[in-house]
Amino acid sequence: MISAADIEKARAILAAGGVVAVPTETVYGLAGDATNDLAVARIYEAKGRPTFNPLIAHVCDMDMARREVAFSPLAERLAAAFWPGPLTLVLPRAPTSSVSLLASAGLPSLAVRTPNHAATLSLIRAVGRPLAAPSANPSGAISPTTAAHVREGLGDKVDLILDGGPCAVGVESTVVKVEEGRATILRPGGLSRGDIERVVGARVASGGASIEAPGMLESHYAPRARLRLNADAPMQGEAFLAFGDSPAAGPGVLNLSRRSDLRDAAANLFAHLHALDRHCAETGLARIAVAPIPETGLGEAINDRLRRAAAPRGD
Ligand code: TXA
Ligand code: MG
């Protein structure tokens, strides 16, 4: 879907300080040269994002990663097990790091990840520098899992959108901070806690979100319609996001996974929320009821996103 010519075009835009929406296995990212302050500023500007929110530096391999951050033995093991893949590691910034201080919000740590997407990896390799890339949506809106979502949300604020089709995982990466031989999950995501704990060899705590990941605002990923969680069935005037075997049917009903598969549900989550939100806007419905999702495996990340989308907003 993405040709060598597309990658060369994207490379040239990025090298000149532009911003390009790129597919990853999790969600689409709004990418800029992470070493270029101006490019990073353009990312924040396009998203309308508070500038204290640090970004992930996307790298193509361990050589590039090692120039940017210091790996402890535990961090090495996690990277070896899950990269390329939906894991972001927050590690001490290396003295050789070239990443803009604006991108890391002036923190002594830096978030890095190797995305599992061939075209985007080729692009990073061609640029030769890490790409800073938050999810390619306006700040506070639902994350994009298709090129159409990006176009809808950011339109002409991006110089180019590379269309790699729908994202395979569908929720953002799991953010893990590794410090003094200990791993902490700062944001649940596309890699489950169980997978991480198998490699760590111990239970892994969650935490630090408010301090460590200032981007974790309560109301995030918000559709325009309101959300009602843990709903067994829709009420009058509600669209319905079902999960598993459900008798609900009709134009305002979508199912995250009829066979109750949490991987399918994660992959469908943002696309279904986008679609039901559009349906509500078109038909005048004010609310989306959401079926209960088990808290196991990827359910932790799905429920995290749903709770944020349902959180009360300032308006
Ligand atoms: O899957 C993903 O992670 C997507 C794709 C595009 O790679 N990216 C993404 O980026 O979700 P963003 O910027 O929306 O989320 C990055 C998360 C935020 O919660 C941010 O606060 C946290 O990582 N973060 C980044 N740098 C950090 C740091 N130095 N310390 C703690 N948290 C950090
Ligand atoms: Mg985001």
Side-chain angles (χ1 to χ4, degrees), residues 1-60 64 68 84 88 98-105 110-170 172-173 215 221 270-271 274:
M1 258 174 289
I2 297 172
S3 68
D6 294 332
I7 290 176
E8 171 48 28
K9 193 169 164 199
R11 187 208 59 77
I13 291 169
L14 291 166
V19 292
V20 176
V22 299
T24 80
E25 81 281 30
T26 57
V27 301
Y28 275 74
L30 179 59
D33 175 353
T35 71
N36 179 337
D37 288 319
L38 227 54
V40 173
R42 285 201 56 199
I43 295 174
Y44 287 126
E45 182 187 45
K47 282 186 65 86
R49 161 177 273 205
T51 50
F52 46 76
N53 196 358
L55 307 178
I56 298 168
H58 294 71
V59 296
C60 58
M64 191 181 271
E68 304 301 336
T88 292
S98 56
V99 167
S100 150
L101 289 175
L102 183 59
S104 63
L110 187 64
V112 290
R113 119 173 164 91
T114 307
N116 189 13
H117 196 289
T120 295
L121 287 176
S122 307
L123 178 60
I124 300 170
R125 205 163 291 123
V127 172
R129 289 193 285 271
L131 296 181
S135 51
N137 52 283
S139 189
I142 303 169
S143 293
T145 54
T146 66
H149 293 158
V150 179
R151 214 166 290 122
E152 217 174 276
L154 294 176
D156 56 8
K157 295 197 180 111
V158 292
D159 297 315
L160 178 71
I161 300 172
L162 289 181
D163 187 348
C167 300
V169 174
E172 293 89 341
S173 60
Y221 309 101
F270 290 128
H274 272 284

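Side chains are part of it too, since the values below use all heavy atoms of this structure and drop only hydrogens, waters and symmetry mates.
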Colleague: Taking it one step at a time, do His58 and Ile124 satisfy side chain to side chain contact (heavy atoms under 4.5 Å, CB included)?
Modeller: CA-CA 8 Å; His58 294 71; Ile124 300 170; 3.9 Å; yes
Colleague: Going from OG1 on Thr24 to CD1 on Ile56, what distance comes out if it is rounded to the nearest 0.5 angstrom?
Modeller: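 Those atoms lie 9.0 Å apart.
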Colleague: Which one of Leu123, Ile7, Thr120, Val22 satisfies the side-chain contact (heavy atoms from CB on, under 4.5 Å) criterion with Ile2?
Modeller: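 So, applying the side-chain contact (heavy atoms from CB on, under 4.5 Å) to Ile2 and each of Leu123, Ile7, Thr120, Val22, only Ile7 qualifies.
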Colleague: Can you give me the closest heavy-atom contact between Ala133 and Ala31, atom names plus distance?
Modeller: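 Looks like CB-CA, 3.9 Å.
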Colleague: Minimum heavy-atom separation for Ile161 to Ala147, with atom names?
Modeller: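 Looking at all heavy atoms of both residues, the shortest contact is CG2-CB, 3.9 Å.
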Colleague: Thr35 and Ser98: side-chain donor and acceptor closer than 3.5 Å?
Modeller: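 No, no side-chain donor-acceptor contact under 3.5 Å.
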Colleague: Within the side chain of Tyr28, is there an N or O that forms a donor-acceptor pair under 3.5 Å with the backbone of His149?
Modeller: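 No, the answer is negative, given that no donor and acceptor are paired below the 3.5 Å cut-off.
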Colleague: Looking only at heavy atoms, what is the nearest atom pair of Ser173 and Thr88, with distance?
Modeller: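 In this case the closest contact between Ser173 and Thr88 is OG-OG1, 2.7 Å.
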Colleague: Can Leu30 and Val158 be said to form a side chain to side chain contact (heavy atoms under 4.5 Å, CB included), step by step?
Modeller: CA-CA 8 Å; Leu30 179 59; Val158 292; 3.1 Å; yes
Colleague: With a 4.5 Å heavy-atom cut-off, do Asp163 and Pro23 have their side chains touching?
Modeller: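 No, their side chains stay 4.5 Å or more apart.
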Colleague: Taking the side chain from Lys47 and the backbone from Ser135, do they hold a donor-acceptor pair closer than 3.5 Å?
Modeller: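 Checked: pair present.
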Colleague: If you measure from OG on Ser100 to CZ on Arg129, what distance do you get to the nearest 0.5 Å?
Modeller: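 So the gap between those two atoms works out to 12.5 Å.
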Colleague: Distance check, rounded to the nearest 0.5 Å: Leu160 atom CG versus Ile13 atom CD1?
Modeller: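 Leu160 CG to Ile13 CD1: 4.5 Å, rounded to 0.5 Å.
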Colleague: Closer than 3.5 angstrom, by distance alone: can the side chain of Asp159 be matched with the main-chain N or O of Val19 as a donor-acceptor pair?
Modeller: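 Yes: the side chain of Asp159 pairs with the backbone of Val19.
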Colleague: Hey, does Thr145 have a side-chain heavy atom less than 4.5 Å from the side chain of Pro166?
Modeller: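 No, every pair of side-chain atoms sits at 4.5 Å or beyond.
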Colleague: Looking only at non-hydrogen atoms, find the nearest pair between Ala132 and Ala34 and report the distance.
Modeller: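 It is N-CB, 3.4 Å.
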Colleague: Would you confirm whether Glu25, through its side chain, and Val169, through its main-chain N or O, come within 3.5 Å as a donor-acceptor pair?
Modeller: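 No, because the side chain of Glu25 does not come within donor-acceptor range (under 3.5 Å) of the backbone of Val169.
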Colleague: Does the side chain of Thr26 come under 3.5 Å of the side chain of Arg113 through a donor N or O and an acceptor N or O?
Modeller: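 Side-chain D/A pair, Thr26 to Arg113: present.
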Colleague: Determine, stepwise, if the pair Lys157 / Arg42 fulfils side chain to side chain contact (heavy atoms under 4.5 Å, CB included).
Modeller: CA-CA 9 Å; Lys157 295 197 180 111; Arg42 285 201 56 199; over 6 Å; no
Colleague: Any side-chain heavy-atom pair from Ile43 and Pro134 closer than 4.5 angstrom?
Modeller: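 Yes, at least one pair of side-chain atoms sits under 4.5 Å.
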Colleague: I'd like to check Arg125 versus Met64 (side-chain heavy atoms, cut-off strictly below 4.5 Å). Are they in contact?
Modeller: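 Result no, sub-4.5 Å side-chain heavy-atom pair not found.
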Colleague: Working to the nearest 0.5 Å, report the span between NE2 of His117 and OG of Ser122.
Modeller: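 So the NE2 of His117 and the OG of Ser122 are separated by 10.0 Å.
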Colleague: Distance from Asn137 atom CG to Phe270 atom CZ, nearest 0.5 Å?
Modeller: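 Between Asn137 CG and Phe270 CZ, I get 8.0 Å after rounding to 0.5 Å.
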Colleague: Please evaluate residues Val99 and Leu110 with respect to the criterion side chain to side chain contact (heavy atoms under 4.5 Å, CB included), reporting the C-alpha separation (whole Å), side-chain torsions for both, the decisive distance (0.1 Å), and the verdict.
Modeller: CA-CA 9 Å; Val99 167; Leu110 187 64; 3.8 Å; yes
Colleague: If we only count heavy atoms from C-beta on, is the Leu14 to Leu131 side-chain gap below 4.5 Å?
Modeller: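 They are in side-chain contact.
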Colleague: Search all heavy atoms of Pro144 against all heavy atoms of Cys167 and return the closest pair with its distance.
Modeller: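 That would be O-SG, 4.4 Å.
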Colleague: Quick one: does any side-chain atom of Tyr44 pair with a main-chain N or O of Asn53 as donor and acceptor, under 3.5 Å?
Modeller: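 Judged by distance alone, yes, a pair lies under 3.5 Å.
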